[in-house]
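Presented below is the structure to which this report refers.
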Amino acid sequence: GLSPTATIMWWRNWAPKAIPTATEQGNLAISSPCFELYFDLTEGPTSLESTYLFEPLKGLTPKQSKNVIGMQGNLWTETVPTVRRAEHQYFPRFFALSEGAWNGGKRNWEEFRSRVVSEIEYLDAKKINYRVPNLTGFNDLNVFTENETVTVNCILPNITVRYTTDGSIPHANSTKYISPFTVSESTKFSFRSFRPDGSGSEVYKAEFRKESYSKSYEGAFTGDGIVVKEYESKSKKCAEIKNTKLVKESKAESKKKKKD
């Protein structure tokens, strides 16, 4: 039912056949998937990388590719109350979108990261309220037995990272992270990055928990083994799976402890 002269703007990631179908029949298309190019959505740990690596022509034939006329980044302002917040949502993801759209399909994430640094210097000079990419190098929970190295990384060299261990929000005078260091006791960290103008990012929490090894099981398993059942099902609820078609059933036999 699509008019032969219509141009579509595709944004529904869950409808991946929209562009292949439209461009195959000759319609023009603009690629704007909500997961990668909706900048009003909160940025996560891999958002910048996902925006940069998104390939609008992936899986398309030469005929279909000719009908994709561009990419589009969106920022809907229902949840963006100020211009400064809009800047925070746009940058640096806007750089990723631009390069991805203009470089003819050639992408190198590591090279792009290095180029972002020079662009950030421009944003600092213009006092643009960009978002500092996520701090990395740690997990929400980090378990160790004796000691563990605490490492905090940021792709931007102009950023200062500060932290606290008492649950408070790090501020401009909190302990400065300089290089990796070791902890030997359970510690809860709150990390925060600061731009050259002194403005702070969101807070990242990381628990480093010291635990001892669990004792090994020395007894014998005397059960009948584990029964594995494979079903053919599209159900989204575990309780409904047992009522669908059973495809295969097998048993992982237990190994009984040998007598001395």
Side-chain angles (χ1 to χ4, degrees), residues 6-20 22-23 27-60 68-103 105 107 109 112-113 115-136 140 153-156 158-159 161 169-170 190-205:
T7 298
I8 71 165
M9 191 277 281
W10 173 69
W11 62 275
R12 297 179 178 179
N13 290 67
W14 54 92
K17 295 182 180 180
I19 283 187
T23 54
N27 292 92
L28 300 180
I30 299 168
S31 187
S32 183
C34 63
F35 295 161
E36 293 86 0
L37 300 183
Y38 269 47
F39 297 153
D40 50 299
L41 300 181
T42 301
E43 188 169 349
T46 61
S47 295
L48 181 62
E49 184 175 2
S50 296
T51 298
Y52 179 73
L53 296 177
F54 172 68
E55 175 51 71
L57 304 182
K58 185 177 181 179
L60 299 182
V68 178
I69 60 176
M71 298 165 62
Q72 176 177 302
N74 304 285
L75 191 145
W76 305 101
T77 56
E78 296 94 329
T79 57
V80 183
T82 65
V83 172
R84 281 185 61 78
R85 183 62 191 184
E87 293 173 347
H88 185 270
Q89 297 295 111
Y90 266 129
F91 297 100
R93 283 186 285 183
F94 192 76
F95 298 142
L97 166 63
S98 300
E99 183 165 315
W102 295 338
N103 68 359
R107 289 171 172 76
W109 169 242
F112 172 74
R113 283 177 48 173
R115 288 193 290 276
V116 166
V117 173
S118 60
E119 298 298 336
I120 292 298
E121 294 175 354
Y122 173 83
L123 298 183
D124 282 329
K126 294 295 182 180
K127 301 185 183 304
I128 293 176
N129 186 39
Y130 62 90
R131 179 185 184 274
V132 176
N134 281 55
L135 300 179
T136 60
D140 294 340
N153 300 318
C154 182
I155 68 173
L156 304 182
N158 64 331
I159 296 304
V161 176
I169 297 176
S190 295
F191 298 108
R192 193 181 185 193
S193 59
F194 290 83
R195 298 194 317 229
D197 65 1
S199 58
S201 71
E202 61 265 48
V203 177
Y204 300 86
K205 293 185 178 294

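This is a predicted model, so every value here is computed, not measured.
Summarising the geometry, atom CG belonging to N134 is positioned 8.5 Å from atom OG1 belonging to T46; distances are rounded to the nearest 0.5 Å. To the nearest 0.5 Å, the span separating CD1 on I159 from CG on N153 amounts to 13.5 Å. From D197, atom CG reaches atom CG of N129 across 8.0 Å, with rounding to the nearest 0.5 Å. Atom CZ of R131 and atom OG of S47 lie 7.0 Å apart (nearest 0.5 Å). Rounding to the nearest 0.5 Å places CG of L75 at 11.0 Å from CZ of F94. Taken from CZ in R84 to OG in S199, the straight-line distance is 7.0 Å, to the nearest 0.5 Å.
A search for side chain to side chain donor-acceptor pair (under 3.5 Å) contacts involving D140 returns nothing, not counting sequence neighbours. For P20, the side-chain contact (heavy atoms from CB on, under 4.5 Å) partners at least two apart in sequence or on another chain are L60, Q64. Under the side-chain contact (heavy atoms from CB on, under 4.5 Å) criterion, T79 pairs with no residue, sequence neighbours left out. Partners of Y52 under the side chain to side chain donor-acceptor pair (under 3.5 Å) rule, at least two apart in sequence or in another chain, are E99.
Counting only heavy atoms from C-beta outward, the side chains of T136 and P45 never approach each other to under 4.5 Å. Residues E121 and N158 form no side-chain contact, since every pair of their non-hydrogen atoms from C-beta on lies 4.5 Å or further apart. Two residues are said to be in side-chain contact when any heavy atoms from C-beta on lie closer than 4.5 Å; F54 and L97 fail this criterion.
N74 and S32 are linked by a side-chain donor-acceptor pair at a separation below 3.5 angstrom, with hydrogens and angles left out of the test.
Across all their heavy atoms, L135 and S193 have their closest contact at CD2-CB, 4.1 Å. Considering all non-hydrogen atoms of both residues, A29 and T23 come closest at CB-CG2, 3.9 Å. The minimum heavy-atom distance between P170 and S190, with the atom names listed, is CG-O, 3.1 Å. Taking both residues in full, the closest heavy atoms of P133 and I155 are given as CG-CD1, 3.8 Å, listed atom of the first, atom of the second, then distance. Closest approach of P196 and D124 over heavy atoms only: CG-OD2, 3.8 Å. The two residues N27 and A6 have their closest heavy-atom pair at ND2-O, 2.9 Å.
The number of heavy-atom neighbours closer than 6.0 Å to CH2 of W102, taken from other residues, nucleotides and ligands shown, is 12 or below. At most 12 heavy atoms of other shown residues, nucleotides or ligands fall within 6.0 angstrom of atom CD1 in I169.
Between F95 and F91, the ring planes are tilted. Angles from 30° to 60° get that label.
Under the salt bridge (Lys or Arg N to Asp or Glu O under 4.0 Å) criterion, the residue pairs touching residues 44-58 are E55-R107, with sequence neighbours excluded.
Within the 3.5 Å criterion, the main-chain N or O of R12 finds a donor-acceptor partner in the side chain of W10. Judged purely by atom type and a 3.5 angstrom limit, R192 uses its side chain to pair as donor or acceptor with the backbone of S201.
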List the atom pairs, with distances to 0.1 Å, where a side-chain N or O of residues 33-42 and a protein N or O form a donor-acceptor pair under 3.5 Å, not counting sequence neighbours.
| residue | atom | partner | partner atom | Å |
| --- | --- | --- | --- | --- |
| E36 | OE1 | N13 | ND2 | 3.1 |
| D40 | OD1 | W76 | N | 3.4 |

Practice task
Before giving the answer on side-chain contact (heavy atoms from CB on, under 4.5 Å), spell out for R195 and Y130 the whole-Å C-alpha distance, their side-chain angles and the decisive distance to 0.1 Å.
Solution key: CA-CA 9 Å; R195 298 194 317 229; Y130 62 90; 3.3 Å; yes
